[in-house]
Amino acid sequence: MELYIDSANLKEIQDTASIGIISGVTTNPSLLAKEDPTLDVKELIKHIYATIGGHVSVEVVSTDTAGMLREADEILKWFPEATIKIPMIPKGLAAVKELSRQEIPTNVTLIFSPGQALAANNAGATYVSVFLGRLDDIGSDGVAVVRETCEIWDQHGLESMIIAASIRHPIHVLECAKAGADIATVPYKVLQQIMKHPLTDSGVATFVADHEKMMKSKGAV
Ligand code: G3P
């Protein structure tokens with residue numbers, strides 16, 4: 001399963017890109033709003049793309065089809081490889097249908113049920129983003145929705161790539177990998193948690209200490 005970072009923070013993106021664990025970046029208006037307000041969004045997005053050189057989803061904020069298509073045109077002028085992130089509303093699906101006709105990749109976001117994912121697939125979405133953490137937040141089972149969506153995909157050989165989004169912790173990532181999601185888009189903090197194990201840290205410390213002890217006993221230090 002591929003990992004993307006769910007962030008608009010350049011430092012977080014550079015940090016994780018430099019160790020090779022991510023192949024894409026998903027942004028949204030709320031993530032962009034957390035960044036320094038003096039930053040130019042277009043320049044920031046271009047920097048993000050230059051850093052990752054892979055998938056970058058950029059979200060539109062219009063809620064009408066024509067507005068979404070206008071925004072998509074603008075984003076594609078920033079960099080033509082952009083994936084246009086579109087909300088899971090009927091007017092959004094009309095935009096997805098048109099962008100798909102033009103072979104422009106789309107990521108349908110704010111999906112909370114397998115039915116919504118199916119509708120987005122049928123409209124021509126390249127990616128469907130299932131928001132599992134927000135389902136957990138309201139007492140539903142987000143992983144179950146990802147699992148059910150994957151089952152439907154397997155049954156019918158559907159084409160959209162399934163992105164597990166709104167990830168809250170490492171177990172979410174593993175459960176989505178087991179369910180068969182193609183991609184998990186993961187916050188920086190959770191990416192750090194995935195890589196960390198106390199036995200790895202203590203193991204490294206012991207190896208370094210034992211090596212130094214051995215060198216000392218040989219008189220090399
Ligand atoms: O990629 C979707 C994600 O940004 C939503 O996450 O944490 O706002 O539910 P969250």
Side-chain angles (χ1 to χ4, degrees), residues 1-13 15-17 21-36 39 41 44-45 48-49 51-52 54-63 68 71-72 75 82-89 92-93 95-96 105-114 116-117 119-121 125-147 149-150 160-177 179-194:
M1 182 178 70
E2 280 184 76
L3 296 174
Y4 292 173
I5 185 169
D6 196 28
S7 173
N9 182 279
L10 201 52
K11 192 186 163 313
E12 291 180 356
I13 294 166
D15 196 32
T16 36
I21 61 170
I22 54 162
S23 51
V25 178
T26 53
T27 61
N28 66 36
S30 303
L31 291 170
L32 284 164
K34 280 192 206 160
E35 297 307 308
D36 178 352
L39 287 175
V41 170
L44 174 60
I45 297 281
I48 290 173
Y49 180 65
T51 302
I52 189 72
H55 175 107
V56 179
S57 280
V58 187
E59 188 157 344
V60 299
V61 288
S62 300
T63 51
M68 291 182 202
E71 282 187 67
I75 293 165
T83 294
I84 309 299
K85 209 169 172 191
I86 307 258
M88 175 57 227
I89 55 177
L93 294 190
V96 168
T106 53
N107 175 359
V108 175
T109 186
L110 291 164
I111 289 180
F112 295 95
S113 73
Q116 289 183 313
N121 173 82
T126 320
Y127 302 89
V128 292
S129 285
V130 181
F131 273 40
L132 64 142
R134 290 192 194 187
L135 283 164
D136 286 7
D137 293 346
I138 59 157
S140 292
D141 184 348
V143 169
V145 172
V146 173
R147 198 175 297 121
T149 304
C150 292
S160 306
M161 306 273 276
I162 298 172
I163 302 183
S166 182
I167 296 272
R168 298 274 184 266
H169 48 70
I171 294 170
H172 270 162
V173 178
L174 300 184
E175 290 298 330
C176 291
D182 297 289
I183 299 146
T185 188
V186 183
Y188 180 75
K189 183 180 145 217
V190 180
L191 287 170
Q192 300 302 309
Q193 289 171 329
I194 289 171

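For ligands, and for the atoms within them, numbers begin at 1 and follow the listed sequence.
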Looking at atom 8 (O) of ligand 1, what's its closest protein heavy atom, distance included? R134 NH2, 2.8 Å

Heavy-atom closest contact (S129 atom, N107 atom, distance): OG-OD1, 2.8 Å

Atom indices of ligand 1, in the order listed, that fall short of 4.0 Å to a heavy atom of A165: 1 (O), 2 (C)

Against heavy atoms of T185, which atoms of ligand 1 measure under 4.0 Å? 1 (O)

Indicate whether the side chain of D136 and that of H172 have a donor and an acceptor atom separated by less than 3.5 Å. yes

Closest heavy-atom approach to atom 1 (O) of ligand 1 among D6, N107, N28 is made by D6

Return yes if a side-chain donor-acceptor contact under 3.5 Å exists between Y188 and D15, otherwise no. yes

Looking only at protein heavy atoms, what sits closest to atom 7 (O) of ligand 1 is R168 NH1, 2.8 Å

Closest to atom 6 (O) of ligand 1 among protein heavy atoms sits S166 CA, 3.5 Å

Could you check R168 against D137 for salt bridge (charged side-chain N to carboxylate O under 4.0 Å, His left out), going step by step and ending with a plain yes or no? CA-CA 10 Å; R168 298 274 184 266; D137 293 346; 2.7 Å; yes

Measure the distance from atom 2 (C) of ligand 1 to every protein heavy atom, then report the residue, atom name and distance (to 0.1 Å) of the closest one. F131 CZ, 3.2 Å

CA sep, side-chain torsions, deciding dist, call: S57, T26, side-chain hydrogen bond (donor to acceptor under 3.5 Å, both in side chains): CA-CA 5 Å; S57 280; T26 53; over 6 Å; no

Knowing that exactly one of V58, I84, V61 qualifies, which makes a side-chain contact (heavy atoms from CB on, under 4.5 Å) with E71? V61

